[in-house]
There are 2 protein chains.
Amino acid sequence: MEEESDHLCLCCLRGIMPTISKKWAICIISELGRRPSMRFSEIMKDCGEISPKSLADVLKDLQDTGLIQRIAYSEVPPRVEYSLTDHGRDLRVAIGPLLKWAKQHNQLYMSYRKPELAHAPDI
Amino acid sequence: MEEESDHLCLCCLRGIMPTISKKWAICIISELGRRPSMRFSEIMKDCGEISPKSLADVLKDLQDTGLIQRIAYSEVPPRVEYSLTDHGRDLRVAIGPLLKWAKQHNQLYMSYRKPELAHAPDI
DNA sequence: CCGTATCCAGCGGGATACTG
DNA sequence: CAGTATCCCGCTGGATACGG
């Protein structure tokens with residue numbers, strides 16, 4: 001009789017890949033984890049080159065997957081705060097080794113981050 | 001003065017994401033890590049639903065990135081063996097926590113693996 | 001300020017047939 | 001056996017303009 005509780009299932013990963021493989025997803029999760037919360041325009045600035053549509057798309061996706069939380073305050077001008085859920089925080093920890101591996105092997109083909117953030121600590 | 005040697009850089013991850021975010025990449029890396037080497041048709045069978053073109057595409061990509069090694073033997077019929085490089089083996093370890101996270105949160109939207117492999121140990 | 005609406009180009013990836 | 005050659009479709013994501 002096999003013990004499956006410790007086994008890792010690729011099909012589970014497949015479920016989240018369409019979300020986290022999106023161009024800005026991991027960047028946003030990582031940035032978001034460095035602060036309590038961030039506003040739409042703040043995230044846009046930190047990403048550097050993302051369009052409002054693309055950011056809205058990925059934020060909605062991350063929200064639907066339960067990785068981030070969106071809180072809108074009824075003010076004028078409007079204010080919206082984004083933050084990681086526990087789920088998202090766990091993911092951020094889980095991709096730590098992957099980030100570390102990427103750095104060790106120096107897979108530095110391109111950078112989507114602003115130059116002044118390129119060497120900032122991510123985790 | 002900041003110590004940056006332990007910092008993790010997202011731009012490094014950006015370099016490898018176009019490769020490992022491909023539909024079958026992680027599946028192949030994981031399967032490949034479970035054996036010394038595999039042949040083209042073996043990988044095709046394990047993936048289950050991949051077309052020869054898609055498999056050739058991703059194998060070439062993984063090879064160009066230095067994650068897998070391709071050895072062709074001059075025989076008839078032709079024989080080609082694929083295996084992980086050290087680089088690829090390190091990556092396989094690095095995505096362990098991510099796979100574990102995915103399983104814990106049961107992101108089970110779909111499975112690209114054959115049913116009989118769906119619950120096999122990946123690592 | 002925080003997005004939405006619209007349009008559009010690029011590419012990932014499946015189906016199928018064929019070759020050295 | 002191990003791919004290549006085509007064709008094609010859908011999704012991602014950028015640009016731009018506009019709305020609550």
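By convention in this document, chain letters (A, B, ...) are assigned in the order of the sequence lines, proteins followed by strands, and residues within each chain are numbered from 1. Keep in mind that the numbers below use all heavy atoms, side chains included, and drop hydrogens, waters and symmetry copies.
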Suppose we screen for side-chain hydrogen bond (donor to acceptor under 3.5 Å, both in side chains). Which residues come up paired with A:Gln63, at least two apart in sequence or across chains? none
Donor-acceptor contact below 3.5 Å, side chain A:Ser21 vs main chain A:Met17: yes
Looking at side-chain heavy atoms only, is the closest gap between A:Ile28 and A:Cys47 below 4.5 Å? yes
Hey, does B:Phe40 have a side-chain heavy atom less than 4.5 Å from the side chain of B:Val80? no
Please state how far atom CD1 in B:Ile20 lies from atom C1' in C:dG12, giving the value in whole angstrom units. 16 Å
Min and max contacting nt of DNA chain D in 5' to 3' order, chain A heavy atoms within under 4.0 angstrom, are D:dT12 to D:dG20
Based on the rotation axes of five pairs at each end, what angle does the helix from C:dC1-D:dG20 to C:dG20-D:dC1 bend through, to 10°? 50°
With nearest nucleotides of DNA chain D determined for A:Lys22 and A:Pro78 from heavy-atom distances, which residue corresponds to the more 5′ nucleotide? A:Lys22
Separation of C:dG12 atom P from B:Ile50 atom CD1, nearest Å, is 14 Å
B:Leu98 and A:Ile20, any side-chain heavy atoms less than 4.5 Å apart: yes
Between C1' of C:dG3 and CG of A:Leu55, the distance in whole Å: 9 Å
What is the separation between atom CE on A:Met38 and atom C1' on C:dC1, rounded to the nearest whole Å? 15 Å
Heavy atoms under 4.0 Å, any strand shown: does B:Tyr82 hit a base, just sugar-phosphate, or nothing? sugar-phosphate
Polar side-chain atom of A:Ser30 near backbone of A:Ile26 as donor-acceptor pair, under 3.5 Å: no
Whole angstroms only, please: what is the CG-C1' distance between B:Asp61 and C:dG12? 11 Å
B:Ile43 versus B:Leu59: any side-chain heavy-atom pair under 4.5 Å? yes
Side-chain N,O (A:Arg79) to OP1/OP2 (C:dG3) below 4.0 Å: no
Is the backbone of A:Leu67 close enough, under 3.5 Å, to the side chain of A:Thr85 for a donor and an acceptor to pair up by distance? yes
Nearest-nucleotide wise, let me know which of B:Lys53 and B:Ser41 is further upstream toward the 5' end of DNA chain D. B:Ser41
Output the rounded distance in Å from NZ (B:Lys60) to P (C:dG13). 16 Å
Salt bridge check: are A:Glu42 and A:Arg35 linked by an N-O gap of less than 4.0 Å? yes
